[in-house]
Amino acid sequence: MMDAQTWRVGCRCLLLLALVGFTRSEGMQSCEEVRKLFQWRLVGPVRGLPDSPRAGPDLQVCVAKKPTCCTRKMEERYQIAARQDMQQVLQTSSSALKFLISRNAAAFQETLETLIRQAENYTSILFCNTYRNMALEAAASIQEFFTDVGLFLFGADVNPEEFVNRFFDSLFPLVYNHLINPGVTDSSLEYSECIRMARRDIGPFGNIPQRVLGQMGRSLLPSRTFLQALNLGIEVINTTDHLRFSKECSRALLRMQYCPHCQGLTFSKPCMGYCLNVVRGCLAHVAELHPHWHTYIQSLEELSDAMHGTYDVEHVLLNFHLLVNDAVMQAHLDGQTILEQVYKICGRPVRKPTQSPRCSFDGSKEKHGMKISTRNGEETLANRRKEFINSLRLYRTFYGGLADQLCVNELAAGDGRPCWSGEDIVKSLERPEEIISTPVVGVRLINCSRGPSHSKPGRN
């Protein structure tokens with residue numbers, strides 16, 4: 001009969017075997033551990049699970065000479081679980097990258113929305129402070145203009161040339177009635193429409209509309225493209241997170257992840273080289289994204305670097321009101337010439353005295369707007385883009401090294417640990433020819449004992 005000391009030593013040895021991650025299948029008497037893990041992993045009991053090892057002639061992938069704890073039905077369920085596991089590790093590995101891009105896409109859009117509101121406030125304040133008589137009439141045109149700016153930035157099919165010209169067209173009758181020919185207001189809507197239509201022929205605002213159009217075109221389009229590119233990056237990640245694995249890949253994942261369970265090796269992990277064989281094969285199409293992803297990040301970097309000066313949307317939007325003021329002043333200075341041109345095109349109006357509505361802009365909004373103008377240099381859109389690009393550079397080789405990353409960080413056994421070779425548990429070997437490898441259709445073989453930096457193609 002076993003004495004107490006011998007019994008304690010035996011228990012410790014069994015515990016040590018469990019902790020190091022494998023149990024030898026020779027002499028396996030019960031499938032109890034396999035049953036428990038199968039039911040836990042696959043949610044709920046499954047009928048027909050074997051109580052003890054037996055022959056498995058109907059198995060398709062987890063074929064072994066030794067008795068097995070698996071049935072064909074279990075093998076099918078394990079194959080589904082192996083695909084799900086791979087999708088889970090893919091999503092986990094890309095979660096930080098996806099969060100980086102999606103968080104910044106949302107932050108950039110929110111910042112642009114704030115800039116648009118600021119620029120609209122500044123323009124409204126200009127009219128309330130300097131051109132109070134026409135401020136209320138100009139409010140609708142100002143609001144429409146900045147609505148169109150936002151629509152264009154966020155991807156709508158609107159034309160900057162059209163909404164810039166529409167703004168200055170609508171501004172001209174107000175400037176004419178209140179500054180060029182002030183004192184009385186035209187009673188005819190048709191006459192105001194004639195003035196509006198004549199703006200492009202008369203050119204009352206000099207080259208200001210063309211300058212605005214140039215600045216808007218140069219700054220809005222890169223920002224719009226930048227946002228669209230971020231959303232495209234998120235779509236790429238979502239697509240690779242939900243790959244549809246081929247039949248050969250699914251069988252290879254099954255053999256690597258769950259076939260050892262059939263032999264009672266429920267805590268085993270695949271050898272590094274074997275893991276690389278399988279995962280690189282399954283992710284071959286994803287690895288093909290590497291040069292395109294590298295180019296994508298480089299293009300974002302170049303686009304961000306180019307967005308400064310007249311290409312910086314922040315600068316252009318927050319200085320728009322200054323150009324509007326220059327345009328109004330230009331028309332005022334050339335008032336007599338403009339008046340004569342209007343008479344030639346539209347004739348003399350039938351007029352009657354009227355009282356122009358006064359500005360009703362909320363003073364608190366004015367103060368709020370002026371406070372926003374004193375922006376901290378650390379919070380500028382350009383600095384946010386630079387910080388984002390610096391973080392994104394770390395992921396330039398993400399897809400090229402994804403298989404290696406998954407094996408090293410998630411799937412494979414650590415250096416020096418016993419590991420699953422595709423046939424059995426093996427110890428780390430120094431000579432490649434000693435490695436036991438099982439060919440998997442469509443998957444290139446690599447020495448099982450070596451990591452990604454030392455792996456070499458094996459021979460079939």
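The main-chain N or O of I237 is found under 3.5 Å from a side-chain atom of T240 such that the two form a donor-acceptor pair. Remark: side-chain polar atoms of S421 are paired, donor with acceptor, to backbone N or O of D424 under 3.5 angstrom. Without hydrogens or angle criteria, R396 side chain to I297 main chain gives no donor-acceptor distance under 3.5 Å. With hydrogens and angles ignored, the 3.5 Å screen pairs a side-chain donor or acceptor of Q87 with a backbone N or O of L243. Side chain of R255 to main chain of G422: a donor-acceptor pair is present (N/O by atom type, distance under 3.5 Å, no hydrogens or angles). Of the possible donor and acceptor atoms, one in the side chain of N104 sits under 3.5 Å from a partner among the backbone N and O of L100. No side-chain donor-acceptor contact under 3.5 Å links S304 to the backbone of L300. Judged purely by atom type and a 3.5 angstrom limit, E75 uses its side chain to pair as donor or acceptor with the backbone of V61. Side chain of W293 to backbone of Y395: a donor-acceptor contact under 3.5 angstrom is found.
Looking at heavy atoms from C-beta onward, Q257 lies out of side-chain contact with Y78 at the 4.5 angstrom threshold. By the 4.5 Å heavy-atom criterion applied to side chains, C31 and D51 are not counted as neighbours.
The stretch residues 294-309 participates, sequence neighbours left out, in these salt bridge (Lys or Arg N to Asp or Glu O under 4.0 Å) pairs: E301-R393.
Atom NZ of K98 and atom OG of S93 lie 11.5 Å apart (nearest 0.5 Å). Taken from CD1 in I234 to CZ in R103, the straight-line distance is 12.0 Å, to the nearest 0.5 Å.
For the pair R224 and F152, the cation sits on the ring face: its NZ or CZ lies under 6.0 Å from the ring centre, inside 45° of the axis.
Residues satisfying the side chain to side chain donor-acceptor pair (under 3.5 Å) criterion with D312, sequence neighbours excluded, are absent altogether.
With hydrogens and angles left out, the side-chain atoms of R199 and N165 include a donor and acceptor closer than 3.5 Å.
Here the two rings, on H261 and F38, have centers that are 6.0 Å apart or farther. Taking the six-membered ring for Trp and the full ring otherwise, Y122 and F320 have centroids separated by 6.0 Å or more.
E193 has a carboxylate O that lies under 4.0 Å from a charged side-chain N of R196, or vice versa, which qualifies the two as a salt bridge.
Taken as a pair, C249 and C282 meet the criterion of an SG-SG distance shorter than 2.5 angstrom.
Relative ring orientation between F205 and F168 is described as tilted, the plane-to-plane angle lying within the 30° to 60° band.
Counting all heavy atoms, side chain and backbone alike, P270 lies closest to C419 at C-CB, 3.8 Å.
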